[in-house]
Structures are given as structure tokens and as C-alpha cells.
Amino acid sequence: MILDCPECRARYLVPDDAIAPPGRTVRCANCGHSWYQDVSYADEPEEAELPAPVEEALPPVAAIPAPVAAETPPAPPPGLPLQAPPSAAPEPPEPARYDAFAHRPPFRTPVRGSGRIRTIASLAAGLLMLAAVAVILWTTAPGLAQQIGLSIGPAELPLRIADNPIERRKMANGSELFAVSGRITNPSSTRQRIPDIRADLRDSQNRIVFSWTITPQQRTLLPGGAIDFNSAQVDVPASSKRLDLSFVGEAS
């Protein structure tokens, strides 16, 4: 059976039992192209009946002359040594000829080189170097990053928060009410967006023991404007000693 690659037109001679009906997927060893080789067995044509041979009269055969005996070479004169006939030089072996239709395994996967592995290793090393540089800029060299134009961390808002004294009072049900109030001002010359306010309660060791978010009554503040806010919580930890107010997303 002969297989023809539809991509590069390479031809392969394979045994008839290499591909079982109805067919299978094969791959070209020359270009790597794969295709489905269909195997269909056509009905063998019926042998046509041959006409009976016609006997013809053969011409008479001429008499074959008797063979003539070969002349025997004369014997050498006595006293001379016999010389062996010169031996013929051995002919060089005929070089093997390349047969494009010789049987070769057509389904062998070509061996891939290590170039792809080296490329992946180079990319991984580059990503590790970039991550290391980012960690250094974030942790130990923020001033250098700002000099080269990199922004590290959230930008500081021009808005200011002024909080009022904290109010604590007992409620009728025995719970303690913790009330917070204050004012947000915009000292800049442009309209500013007001983010949410984060309230953190810290203990005597400066650890956060309770926190919540305060939503302002409006989201924008005109230049030189101000807006009041207030919030209250119930049953905050008794170990809280200090209140910190900051905008959500702003570096503390």
C-alpha cells in the first residue's frame, strides 16, 4: 500500500495490514502533517474468459548443426614453468541506492529539541527578577521609586478630618452606646470626592480591637467646603482607649 502526504506530497510504502479498515489517522514523517487515511477494498474484477488457443501449423524446424568442439590450446614446451592466469581485480561494491518508496515507519513522532524548554526557563527567570525588583521597590526603596516616576501605595487625599469628643452613655437596656462625630473639610482649590471613613479603636498597646466604616452623607465636596458626619456603635470592647479616623484606601 502506498500513502501520499497531501501536504508535502511525500510517499510511503507500507504493508497492507498496517492500516485496518475502515482507516486510521496517520502522520507524515517529513513535514509532520496528520490526515485520516481511508481504506476501502474494491471488488476484484472477474477474470474474463480467454478464448481457446487456435492451433496453427508450425513451419518445419531446420536441422540443428552439430556443435563444433572447442580448440584445445597447445601445451607449453617442456621445461617451462606453468604460469597461473592473472586473477581479475575484485569489483568495488555497488553503493546502496536511495529508494523513496522503501518501507519506513510513517507514524513516528519527530523528536523535539530542547529549545522550548530553554525558552520557558528564560521566561520564568525573567518573571522572578521582575518580582524581586517590585518587592525591593515596595519595601526598601519607596523614595527611589518616586524619583523614577513610579507610584507606590495610594495617593494622599487633600481632605481633612476633624473629630469631636467621643460620647459614651448607658442605654435603658443596659448596653453602652459609643457615638462618634466630626467634620470633613476640603482645603484644596478643586472639587474632591469623599470616600468612606474607617474608624479604628485601639487598646493601650496600640492594637486594633474594633473597627467599622462610616458612610458620608454626600460624595463630593466643593473647594473650601465642609460636611459633618456622625456614627454610633453598641457594646464596643471596654479595652478600647483611642479612636483613629481615616479615609478608606488612604495609607494609615
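Note that the structure is predicted; figures quoted are calculated from it, not measured.
Looking at Arg27, its side chain never comes within 3.5 Å of a backbone N or O of His33 through a donor-acceptor pair. Distance alone, capped at 3.5 Å, places no donor-acceptor pair between the Thr185 side chain and the Pro187 backbone. Formation of a donor-acceptor pair under 3.5 Å by the Asp4 side chain with backbone atoms of Cys8 is not found in this model. With Asn30 contributing its side chain and Ala10 its backbone, the two residues share no donor-acceptor pair below 3.5 Å.
Hydrophobic clustering (ILVMFWY, side-chain heavy atoms < 4.5 Å, transitive): Ile208 and Val236 are in distinct clusters. Clustering ILVMFWY residues whenever any of their side-chain heavy atoms sit less than 4.5 angstrom apart, transitively, puts Ile227 in a cluster other than the one holding Leu222. Criterion: ILVMFWY side-chain heavy atoms under 4.5 Å apart, direct or through other members. Under it, Ile166 and Ile197 are part of a common hydrophobic cluster.
Between Cys28 and Tyr12, the shortest heavy-atom contact is SG-OH, 3.1 Å. Heavy-atom minimum distance, Asp196 versus Pro216: OD1-CD, 3.6 Å. Of all the heavy atoms in Asn186 and Ser188, the pair that sits closest is OD1-OG, 2.6 Å. Minimum heavy-atom separation, Pro223 to Arg191: CG-N, 3.9 Å. Of all non-hydrogen atoms in Pro237 and Val209, the two that sit nearest each other are CG-O, 3.7 Å.
One finds the OH atom of Tyr36 at 10.0 Å from the CZ atom of Arg24 (value rounded to the nearest 0.5 Å). Atom CZ of Arg169 sits about 4.5 Å away from atom CG of Leu177, to the nearest 0.5 Å. Atoms CZ and CZ, from Phe247 and Arg160 in turn, are 9.0 Å apart once rounded to the nearest 0.5 Å. The line from CG of Asp228 to CZ of Arg183 is 4.5 Å long, rounded to the nearest 0.5 Å. Distance CG/Leu243 to OG/Ser211: 11.0 Å, rounded to 0.5 Å. Expressed to the nearest 0.5 Å, how far CD1 of Ile214 lies from CD of Gln233 amounts to 8.0 Å.
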Worked check of side-chain contact (heavy atoms from CB on, under 4.5 Å) between Arg118 and Ile120: CA-CA 6 Å; Arg118 290 194 296 268; Ile120 295 175; over 6 Å; no
Test log, rule side-chain contact (heavy atoms from CB on, under 4.5 Å), inputs Ile194 and Phe229: CA-CA 12 Å; Ile194 306 176; Phe229 67 91; over 6 Å; no
side-chain contact (heavy atoms from CB on, under 4.5 Å) assessment of Phe178 paired with Leu201: CA-CA 11 Å; Phe178 188 90; Leu201 289 176; 3.6 Å; yes
side-chain contact (heavy atoms from CB on, under 4.5 Å) assessment of Leu3 paired with Gln37: CA-CA 8 Å; Leu3 303 182; Gln37 180 65 39; 3.6 Å; yes
Pair Arg242-Asn206, side-chain hydrogen bond (donor to acceptor under 3.5 Å, both in side chains): steps then yes or no: CA-CA 8 Å; Arg242 182 167 59 91; Asn206 202 29; 2.2 Å; yes
side-chain hydrogen bond (donor to acceptor under 3.5 Å, both in side chains) between Thr220 and Gln218, worked out: CA-CA 6 Å; Thr220 58; Gln218 63 186 46; 5.3 Å; no
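For the pair Asn230/Val180, no side-chain contact is recorded, criterion being any heavy-atom separation below 4.5 Å from C-beta on.
Annotation: ring pair (Phe, Tyr, Trp, His ring centres under 6.0 Å) contacts involving residues 184-223, sequence neighbours excluded, comprise Phe210-Trp212.
Salt bridge absent: Asp200 and Arg207 never bring a charged side-chain N and a carboxylate O closer than 4.0 Å. Ion pairing between a basic and an acidic side chain is recognised when a charged N comes within 4.0 Å of a carboxylate O; Asp203 and Lys241 show no such pairing.
Residues passing the side-chain hydrogen bond (donor to acceptor under 3.5 Å, both in side chains) test with Arg168, sequence neighbours excluded: Ser240.
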